[in-house]
Amino acid sequence: MLASLSSAKPQLTAPRCAVSRSGGSVKSARRLLSSLDAAPNGAATEALVKKFVAGSSKSTSLGALSFLLSISSPFAIPVYSRVSKTNWFRWNPKTTASIVTLLELQNESMEAEILVADSISRLSKSSKDLSIFYSNLIESLSNHGLTQKANEVYTKLQSIPLSGRRSFELAIKSLCLMGKPTEAESKLKEMILLGYHPSRFEFALVAQSYGKLGSFSEIEQVVRLMEESGMEIDTVCANVVLSCYADHEELTLMVSWLQRMTELGIPFSLRTYNSTLNSCRNILQMIDEIESLPLSLTGLIEKIQNDCAPDQNEALVVKELINSSVSAETVHWSESEVKLDLHGFRAVSAYVILLQWIEELRSRFGMEGPAFTGEVSVVCGIGKHSVSGKSTVRSLVSKILSRMDAPLRLDRKNMGRFVGRGKAVKDWISQLS
């Protein structure tokens, strides 16, 4: 099926398999997929693919291939086979690696080996290009759980001296995906020595790979290496380290890292909240018991201190978070509107942010001054992107607002939004104070 691919010209400058998919190309791809699903046999499948490619533009054909690869559809194999016969096709390593992986998943190992052998043959004159192909192949195989096959390719990669920034970047990424952070760190150091200047992304990948193994001292080692190379830690990298500690519920290390972020002036973010609070078991248990859930920051911290004594790490996590600017960044203030946007926050994070927002309302609305006549709203979403299709944040916010007798109700035009009039909210806040 894939024997004809040997005539395709290599194209190593663009690692992606296709152009970005427009709405039209995705629709075409979905229609093709529906037709292929209904095809009674292999011959009918080949005929449909042949007709589709012959009657489609280059961008539409590549868009369909990209779509099928993105969902790991086995129909990507015949589409690739047909596309490769066109006069505009250009071979590239990432696409080929994805097809090899699909062939392995379909138990077509012989076809996979033929395609790999053809790729090695065309790239034999360039160790750099061959290492890029191997790295793409390791990444694709690892992402689909084909660990043994990935290890076989890694053995081949080890025999090739890396050269060029891209070769190192892909090798580091593939090693991290394979759970080999020590080897990845070695490549990172080699990259630095050769003057290729790795980006924060490579450092973060290695740190994250160590984190999955619970190798915390090695994470700090990677951070030091990053700093020694002249690169400052930003929020994204800091959050990667934080998530490593959070995944293992290492709250002491987590608190220490939050304090270090504060000392270095590294801004917290939505992900900082989600990573840390989602590893605080006592707070997670609290939000499951809505009737006894504290309705103020002071009450929350006191309850944690009492329930978790002598361990005060969860309380320290909350204190570090509420001193950041994240809450302020989620609120829009104007003369006509006050809006809290909780999109992206997990339920436990939304709970803390909501309490912070109420404290801010107390501070602003509690002062003597002209009445606020605008609109006050809390935007939660309806859970469209959640696994369950339901918004746990909206449910939690609804219960908290109800317990507090807040004059905010679900918007009839937007079921993911609570809304109230400014005067009613101001009066309610005054009563809370």
Side-chain angles (χ1 to χ4, degrees), residues 1-18 32 36 39 41-50 52-54 58 61-62 64-160 167 170-171 174 177-178:
M1 176 173 59
L2 294 168
S4 63
L5 300 184
S6 59
S7 61
K9 297 177 182 179
Q11 177 69 33
L12 290 164
T13 55
R16 298 196 178 219
C17 65
L32 173 64
L36 293 173
N41 51 49
T45 297
E46 291 289 343
L48 284 168
V49 170
K50 181 178 180 180
F52 174 81
V53 174
K58 173 183 176 180
S61 297
L62 288 177
L65 177 58
S66 178
F67 172 76
L68 293 172
L69 286 173
S70 71
I71 60 172
S72 299
S73 168
F75 291 126
I77 298 170
V79 172
Y80 179 74
S81 181
R82 179 57 55 178
V83 163
S84 69
K85 297 173 183 176
T86 64
N87 57 9
W88 45 257
F89 177 75
R90 292 293 181 270
W91 185 95
N92 76 62
K94 194 172 185 68
T95 309
T96 307
S98 298
I99 295 297
V100 170
T101 300
L102 282 179
L103 287 167
E104 291 288 358
L105 290 170
Q106 295 301 309
N107 295 317
E108 296 285 351
S109 295
M110 186 172 293
E111 291 286 355
E113 289 173 10
I114 291 172
L115 188 51
V116 170
D118 171 68
S119 302
I120 294 171
S121 176
R122 78 172 66 250
L123 301 173
S124 59
K125 294 180 181 180
S126 173
S127 60
K128 174 183 175 182
D129 294 340
L130 185 56
S131 69
I132 287 175
F133 170 64
Y134 280 152
S135 294
N136 279 317
L137 187 52
I138 291 170
E139 178 182 352
S140 182
L141 292 167
S142 298
N143 282 334
H144 288 83
L146 299 172
T147 307
Q148 183 177 341
K149 291 291 181 181
N151 277 312
E152 290 173 7
V153 179
Y154 172 60
T155 301
K156 297 177 181 178
L157 179 62
Q158 283 181 301
S159 65
I160 302 173
S167 299
L170 289 172
S174 60
L177 284 170
M178 293 176 69

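The shown structure was predicted, so the numbers you read here are calculated from the model rather than taken from an experiment.
- Counting non-hydrogen atoms of other residues, nucleotides and ligands closer than 6.0 Å to CD of Q158 gives a total above 12.
- In this structure, a donor-acceptor pair under 3.5 Å is present between the side chains of S131 and S167.
- Scanning all heavy atoms of the two residues, the minimum distance from S140 to A97 falls at OG-O, 3.6 Å.
- The two residues S124 and S121 come nearest to each other via the heavy atoms OG-O, 3.0 Å.
- Taking CG of L146 as the reference point, atom OG1 of T101 lies at 6.5 Å (rounded to 0.5 Å).
- Atom NZ of residue K156 and atom CD1 of residue I120 lie 4.5 Å apart, to the nearest 0.5 angstrom.
- Counting heavy atoms from C-beta on, the side chains of V153 and V116 never come closer than 4.5 Å.
- Between L36 atom CG and E46 atom CD the span is 10.0 Å, to the nearest 0.5 Å.
- Centroid-to-centroid, the aromatic rings of F89 and Y80 come within less than 6.0 Å.
- In this structure, OG on S61 lies 11.0 Å from CZ on R82, to the nearest 0.5 angstrom.
- Two residues are said to be in side-chain contact when any heavy atoms from C-beta on lie closer than 4.5 Å; V79 and L32 meet this criterion.
- With rounding to the nearest 0.5 Å, the separation of CD1 in I138 from OG1 in T155 is 8.5 Å.
- Rounding to the nearest 0.5 Å places NE2 of H144 at 10.5 Å from CD of E139.
- For the pair L157 and S135, the tightest heavy-atom approach, listed with the atom from each and the gap, is CD2-OG, 3.9 Å.
- Although no hydrogens or angles enter the test, the distance criterion places no donor-acceptor pair under 3.5 Å between the side chain of S81 and the main chain of P78.
- The two residues L48 and A39 have their closest heavy-atom pair at CD1-CB, 4.0 Å.
- Aromatic ring orientation, W91 versus F133: tilted (interplanar angle from 30° to 60°).
- Between I132 and P93, the shortest heavy-atom contact is CG2-CG, 4.0 Å.
- Contact between L69 and I99 at its shortest, heavy atoms only, is CD2-CD1, 3.8 Å.
- Put simply, the side chain of S126 never gets that close to the backbone of L123: no donor and acceptor are under 3.5 Å apart.
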